[in-house]
Amino acid sequence: MDNTRSKELDLELLKLALLAQQQPVKTIKRQLVLTRLVNEIKLSGRLCHPQRNQFSARLYEEIYNEALQELWLYICQNIHKYEPERASVIVWVNVLLERRFFREAIPKVLGKASVERMNLSELENTPYLEEPPALTEVLREYIENDPENLFKKEHIEKYPSATFQALAQRRFKGKSWKEIAAEFEVKIPTASSFYYRCIDKFQSKIREHCVNC
Amino acid sequence: MLTNHQERLTFTVPLTLENHSLAQAFRRQQSDSTLRKQVYLNTLAVCAVRYYLCCMGIETNCENCSSWNSVAQSFMDVADLEIPQLGKLECRPILPNSDIVRIPAETWYDRIGYIGVQFDEALREGTLLGFVKNVASCELPIRQLLSLEDLLIHLDELQQTALSRMQVNLSQWFENVFAPGWQSLEALLTANVSQLAFSVRNETNITNTVRGAKLIDLGLQLGQISLALLIAITQEAKESRCITIQLHPMTSNKFLPNSLKLVLMSTKSEIIQEVHSRSMDNYIQLKRFRGKPGEQFTICITNNEFTLTENFVI
């Protein structure tokens, strides 16, 4: 980054930090300025990357992310601790990141080594392996069997075939609200609000069944 | 078409292992692959919004939400997050490079707004792109989202509405009617005669003036310190009231804590005037101001860690 742009950025961040300090906690102006401030710091490309060569790339990203979450929260909650006469905003932030939050994040991340973080393609392609019957099955079976005749009795007013059971089964199959509404010749909000109310009504009953299973 | 993220106000949340671990726990409850992915992403979206609101000092609660409940997740594509007293926000996940937000019809009810959270391929970050108050279709182009600024304004308005239900009516004081927590200064003086660190000047001609007080206990926040907020309202003419506001220390504290601020704000949260306590201040006082019956204002007592707000109508 050339010198002029860097100076402009310092000035902009200073302006935002001072503005945030002037507004009382939890007021909308302070929230707005803090959102901008965090955004600008992130986009500045001037955040440091401490201890970069000491961890594998995957582990490093994990630690860095953990540290960043703590860092942004700290800045938002403690902007009053920034002293403009001592350092520029970016220096203050980088000192916090390097000396405090990155260090604190290391043991936290190492302690959670067993957590399996998925990315989008893993989410799409991971086959289903777990053995015990998942909630999904228990629940779908319960709606299907309907031992107490609850779910096939409850229907949209004047549409006896549009029962909660029928709607739930179609949602389970991944049918869209548009398709479901067309099938039963009702409007989308009619179907979805009925469904929403039914789940509210039956939820404790269903949960009870799942726990006892 | 991709929106230009640089131009609108967004907020990018780093997603930690803890967030992923929660998403994984909810995902494992389901066996349908579409559902598993949906639950995972919905959980991350809620985590991202919850984190942002926490940064903004806005309290949230997941306990009563469908998004935190595997049974509800099996039936509905939901990612709701409750803001106590205000209502539920729906946090909709957006895939990378997608230019639409999907808003399933089962989330069209009981919501105070919808926030779009866009992920990267690695699911390391969730960016809050913007929000809408109401929806009427299952899909919304990202470019139609309002900015985060509008979200904050919307939440603030809801908060103001919630607070206005708890507004202190000053004109009622003339009929000796005080809102809960408030009492006449005379009653306060009688009840706390030994504890009061301040005295009140005996002014003449006070028949058209009424004074009320509220005790504020900042036990945990300020190391066991109690304060008294005093307000005097004087009827000058039919349509004009003069108001004096003071903040005093209570009990054995002779002085106010350092760097306490007493702020007068409009209902739009604009600061009208403020006064800071310095060391050895017995009390602080806002400049006297005038208003008409029906006019509203807000008083904030704040230091860097907390803000206490009281809303008034003259």
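Keep in mind that this is a model prediction, so the values were computed, not measured. Chain letters run A, B, ... following the sequence lines, proteins first and then strands; every chain starts at 1.
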If you count heavy-atom pairs under 4.5 Å between each of [options] and chain B, which one has the most?
options	value
A/Ile206, A/Leu167, A/Thr35, A/Leu68	A/Thr35
A/Arg140, A/Glu61, A/Gln22	A/Glu61
A/Pro24, A/Ala181, A/Ser121, A/Ser193	A/Ser193
A/Ala168, A/Ser192, A/Pro189	A/Ser192

Chain A contact residues among residues 105-113 of chain B, heavy-atom distance under 4.5 Å =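 Residues in range: B/Ala105, B/Glu106, B/Trp108, B/Tyr109, B/Asp110, B/Arg111.
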
query = Do any of residues 39-48 of chain B have a heavy atom less than 4.5 Å from a heavy atom of chain A, and if so, which, in residue order?
reply =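 Within residues 39-48 of chain B, near chain A: B/Tyr40, B/Leu41.
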
Could you check if a side-chain atom of [X] sits within less than 4.5 angstrom of a side-chain atom of [Y], using non-hydrogen atoms only?
X	Y	answer
A/Glu122	B/Leu123	no
A/Thr136	B/Arg36	no
B/Phe75	A/Arg171	no

Ignoring hydrogens, what is the shortest heavy-atom contact between [X] and [Y]? Give both atom names and the distance.
X	Y	value
A/Arg117	B/Leu15	NH2-O, 2.6 Å
A/Lys26	B/Gly57	CE-O, 3.5 Å
A/Cys76	B/Cys55	CB-O, 3.2 Å
B/Asn303	A/Val25	O-CG2, 3.8 Å
B/Pro14	A/Gln69	O-NE2, 2.9 Å
B/Lys261	A/Gln21	NZ-O, 4.2 Å

query = Any donor and acceptor pair, going by atom type alone, linking the side chain of A/Glu66 with main-chain N or O of B/Thr16 inside 3.5 Å?
reply =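 Between the backbone of B/Thr16 and the side chain of A/Glu66 there is no qualifying donor-acceptor contact (under 3.5 Å).
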
inquiry  = Is it the case that the side chain of A/Asn65 and the backbone of B/Arg124 share a donor-acceptor pair, with hydrogens and angles ignored and the cut-off at 3.5 Å?
reply    =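 Such a contact is found between A/Asn65 side chain and B/Arg124 backbone.
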
Contact origin within [X] toward chain B - heavy atom pairs under 4.5 Å:
X	value
A/Val38	side chain
A/Arg207	both
A/Lys29	side chain
A/Arg197	neither
A/Phe164	side chain
A/Ile79	neither
A/Phe172	both
A/Ile199	side chain

Atom [atom1] of residue position [X] - does it have more than 12 heavy atoms of other residues, nucleotides or ligands inside 6.0 Å?
X	atom1	result
A/Gln54	CD	yes
A/Glu104	CD	yes
A/Arg99	CZ	no

request  = In plain terms, say whether B/Glu125 and A/Lys42 are close enough for a salt bridge, that is, a side-chain N and a carboxylate O under 4.0 Å apart.
outcome  =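 Yes, charged N to carboxylate O under 4.0 Å.
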
query = Taking 4.0 angstrom as the limit, do A/Lys108 and B/Glu18 come out as a salt bridge?
reply =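 Between B/Glu18 and A/Lys108 there is no salt bridge, as every charged N stays at least 4.0 Å from the carboxylate O atoms.
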
Does any backbone or side-chain atom of [X] lie under 4.5 Å from a heavy atom of chain A? Answer side chain, backbone, both or neither.
X	answer
B/Leu155	neither
B/Leu35	side chain
B/Lys37	both
B/Val13	side chain
B/Thr34	neither
B/Ile271	side chain

ask   = If you look only at pairs with a residue in residues 146-157 of chain A, which of them pass as a side-chain hydrogen bond (donor to acceptor under 3.5 Å, both in side chains), with sequence neighbours excluded?
value =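 Sorted pair list: A/Glu148-A/Lys205, A/Asn149-A/Lys152, A/Glu154-A/Lys201.
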
From [atom1] ([X]) to [atom2] ([Y]), nearest 0.5 Å:
X	Y	atom1	atom2	result
A/Lys112	B/Ser21	NZ	OG	7.5 Å
B/Ser66	A/Gln203	OG	CD	5.5 Å
B/Ser74	A/Leu139	OG	CG	4.5 Å
A/Asn119	B/Asp120	CG	CG	9.0 Å
B/Asp77	A/Trp177	CG	CH2	11.0 Å

inquiry  = Just to verify, what does B/Tyr52 make a ring pair (Phe, Tyr, Trp, His ring centres under 6.0 Å) with, not counting sequence neighbours?
reply    =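 Per chain and number, B/Tyr52 pairs via ring pair (Phe, Tyr, Trp, His ring centres under 6.0 Å) with B/Phe11.
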
Residue among A/Thr27, A/Ile28, A/Leu32 satisfying side chain to side chain contact (heavy atoms under 4.5 Å, CB included) with B/Asp156 =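 Testing B/Asp156 for a side chain to side chain contact (heavy atoms under 4.5 Å, CB included) against A/Thr27, A/Ile28, A/Leu32 leaves exactly one candidate, A/Ile28.
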
query = Top residue by heavy-atom pair count (under 4.5 Å) with chain A, among B/Leu17, B/Leu128, B/Val71, B/Val78?
reply =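 It is B/Leu17.
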
task = Between chain A and each of B/Asn19, B/Thr302, B/Leu152, count heavy-atom pairs under 4.5 Å; write down the option with the most.
result =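 Max contact count across the listed options: B/Leu152.
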
key: side-chain contact (heavy atoms from CB on, under 4.5 Å) between A/Gln77 and B/Met56, worked out   = CA-CA 8 Å; A/Gln77 292 178 340; B/Met56 296 297 107; over 6 Å; no

